[in-house]
2 protein chains.
Amino acid sequence: MVNKNKDQSTEEKILAAAKKVFIEKGMAGARMQDIADEAGINKALLHYYFRSKEKLFQVIFKAAAGNLFPRIQSILTSNLPLFDKIEQFTNDYIEIVIENPYLPLFVLNEMNKQRDNFIEKIFGGKPPEMHLLAAQIEKEVKKGTIKKTSPGHLIINMISMCIFPFIGKPMIQIIMQLDELQFRNMMEQRKKLVSTFIIDSIKK
Amino acid sequence: MVNKNKDQSTEEKILAAAKKVFIEKGMAGARMQDIADEAGINKALLHYYFRSKEKLFQVIFKAAAGNLFPRIQSILTSNLPLFDKIEQFTNDYIEIVIENPYLPLFVLNEMNKQRDNFIEKIFGGKPPEMHLLAAQIEKEVKKGTIKKTSPGHLIINMISMCIFPFIGKPMIQIIMQLDELQFRNMMEQRKKLVSTFIIDSIKK
DNA sequence: GTCTATAACTCGATAGAC
DNA sequence: GTCTATCGAGTTATAGAC
């Protein structure tokens, strides 16, 4: 059931609070005091459970990145026909990001700052493989069902159109004069529109 | 000529250093000491010229945002035919971002953190207008040259495919196993490919 | 204008009582 | 496990000599 505080263990309360504060302010901008306040506990308890700010951050970051990347991996390696794959990916991925709209900026922002080994941290050493999807696209090109298409650019375009609108939300809202509800409605529409746009572009 | 330090006034040295440090580390992560070191001057001089870290940051942020937004505005209001407009925008915008690859993440990141009035700060009260481009698209739809197309989504798609690859660079490099040179080459290719992709998608 | 020195403050982390 | 109190490092900002 929905017990926002009562039935939650202290550790869970800390994790929920840390997620909120880190995503909102980033590693450098977040304060341990903010997290303690948000969790309704004392600052010292944070150190009792997670030793340091850095350690706590890594837990949150791994969880966040683990929500964004495996979905891409699974679509890159699934066995669906190409057009179905595109439809499923755009629909599902936009849905995920609608429910976690601040995740992409948080993860990409920290990835750009930390120069070290994400691959280890996030995937445990094995990054996603795109060769299967690339081969599938080449096959469709040879069959003549789609135009000559660069698999790499196609994947970049697909991911860009799913994720960017949420990162660029304030910019888009200014340019298009959208309030919260209008923006939300546009993102809902995109679940169908993006795959149509992509397929229209590559099919002969 | 290219006098990186000698002929530069102290103020210019500070601005260049501040731009570099703020873009790399963000407002919260940057230290006045870092900026002073980068500029080859003393910490106290920063306050002599710009009073506070916050004030210095605002100068850098305005300049950075002023580099990204007016370009969009100018394409939204220019008088070119639709397809030429799309070609020119994608080509020019990607070129700008290739030369300033960290600008988009910096600007969008800070826009998502500061909840206040950007429109004032960046545009002086008048945000870009997209009605002209929207009308142009509607006109082409009626003429039958392009499919029924949502102007809003088309603009979002266009901006997404130009900007996102630079924000998501580390993610893309992991998924596609690209080194620096390969990534750079892909971005060069995109200057032509993105407009082709868009036009293929909307033309009948 | 530019520097050194330092004040004033913030924040992560720990000690120690309960 | 949880709290209060506090230390010590690091940061912005200023005072004041040159």
Side-chain angles (χ1 to χ4, degrees), chain A residues 3-64 106 109-110 113-116 121, chain B residues 3-64 106 109-110 113-116 121:
Chain A
N3 287 317
K4 275 187 98 172
N5 262 325
K6 201 64 184 176
D7 273 4
Q8 234 177 357
S9 73
T10 302
E11 187 166 346
E12 287 168 332
K13 277 192 281 188
I14 292 175
L15 287 173
K19 181 180 176 184
K20 184 178 174 194
V21 174
F22 277 131
I23 284 181
E24 195 175 317
K25 308 194 174 182
M27 166 65 181
R31 304 285 160 244
M32 293 297 263
Q33 188 64 61
D34 300 336
I35 298 173
D37 292 348
E38 180 70 32
I41 55 154
N42 190 277
K43 217 173 40 163
L45 261 190
L46 299 179
H47 289 94
Y48 176 80
Y49 277 90
F50 294 94
R51 277 200 62 82
S52 72
K53 182 185 176 183
E54 177 65 30
K55 290 243 191 337
L56 178 54
F57 175 80
Q58 289 303 337
V59 172
I60 302 298
F61 179 78
K62 263 192 209 173
F106 170 67
N109 197 39
E110 301 297 339
K113 294 213 196 311
Q114 306 177 233
R115 277 280 164 271
D116 38 342
K121 283 185 184 166
Chain B
N3 287 317
K4 274 188 97 170
N5 262 324
K6 202 64 185 177
D7 274 3
Q8 235 177 355
S9 73
T10 301
E11 187 167 346
E12 288 169 331
K13 277 192 281 187
I14 292 175
L15 286 173
K19 180 180 176 183
K20 184 177 173 194
V21 174
F22 276 133
I23 284 181
E24 194 175 318
K25 308 193 174 182
M27 165 65 180
R31 305 281 161 247
M32 294 296 263
Q33 187 64 59
D34 300 337
I35 297 173
D37 293 347
E38 180 70 33
I41 55 155
N42 190 278
K43 224 175 28 166
L45 262 189
L46 299 178
H47 290 94
Y48 176 79
Y49 278 89
F50 294 93
R51 278 200 60 84
S52 73
K53 181 183 175 183
E54 177 64 31
K55 288 245 192 337
L56 177 54
F57 176 80
Q58 288 303 335
V59 172
I60 302 299
F61 178 77
K62 266 191 207 173
F106 170 68
N109 197 39
E110 302 296 339
K113 294 211 197 314
Q114 307 176 233
R115 279 279 163 273
D116 38 343
K121 282 185 184 165

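So that the names make sense, note that chain A is the first sequence line, chain B the second, and so on, each numbered from 1.
With the nearest nucleotide of DNA chain C identified for both Tyr48(B) and Ser52(A), Tyr48(B) has the one nearer the 5' end.
Residues Ala30(A) and Val21(A) approach most closely at CB-CG1, 3.7 Å, considering heavy atoms. Here the shortest heavy-atom pairing between Glu38(B) and Ala17(B) reads CG-CB, 3.5 Å. The two residues Leu46(A) and Ala36(A) make their nearest non-hydrogen contact at CD1-N, 3.9 Å. For Ile35(A) against Ile14(A), the heavy-atom pair with the smallest separation is CG2-O, 4.3 Å.
dT14(C) atom C1' lies 10 Å from atom CZ of Arg51(A), rounded to whole Å. Spacing between atom NE2 of His47(A) and atom C1' of dA13(C) amounts to 5 Å, rounded to whole angstrom units. Leu45(A) places its CG atom 14 Å from the C1' atom of dA13(C), with the value rounded to the nearest Å. Protein atom CG of Leu56(A) is 16 Å distant from nucleotide atom P of dC11(C), rounded to whole Å.
No close placement of the Phe22(A) and Phe106(A) rings is indicated, their centers lying 6.0 Å or farther apart.
The distance from the CD1 atom of Ile60(A) to the NZ atom of Lys19(A) is 8.0 Å, given to the nearest 0.5 Å. Rounding to the nearest 0.5 Å gives a distance of 14.0 Å between CG of Leu56(A) and CZ of Phe61(A). Atom CD of Glu12(B) and atom OG1 of Thr10(B) lie 9.5 Å apart (nearest 0.5 Å).
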N/O-N/O pairs, protein side and nucleotides 4-9 of chain C side, under 3.5 Å:
unit_1: dT4(C); atom_1: OP2; unit_2: Asn42(B); atom_2: ND2; d: 2.9

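In 5' to 3' order, the nucleotides of DNA chain D bounding all contacts with chain A (an atom under 4.0 Å from a heavy atom) are dG1(D) to dT4(D).
A 4.5 Å side-chain heavy-atom check between Lys25(A) and Arg31(A) finds every atom pair outside the cut-off.
Contacts between residues 16-29 of chain A and DNA chain C, defined by a heavy-atom separation below 4.0 Å, involve no residue at all.
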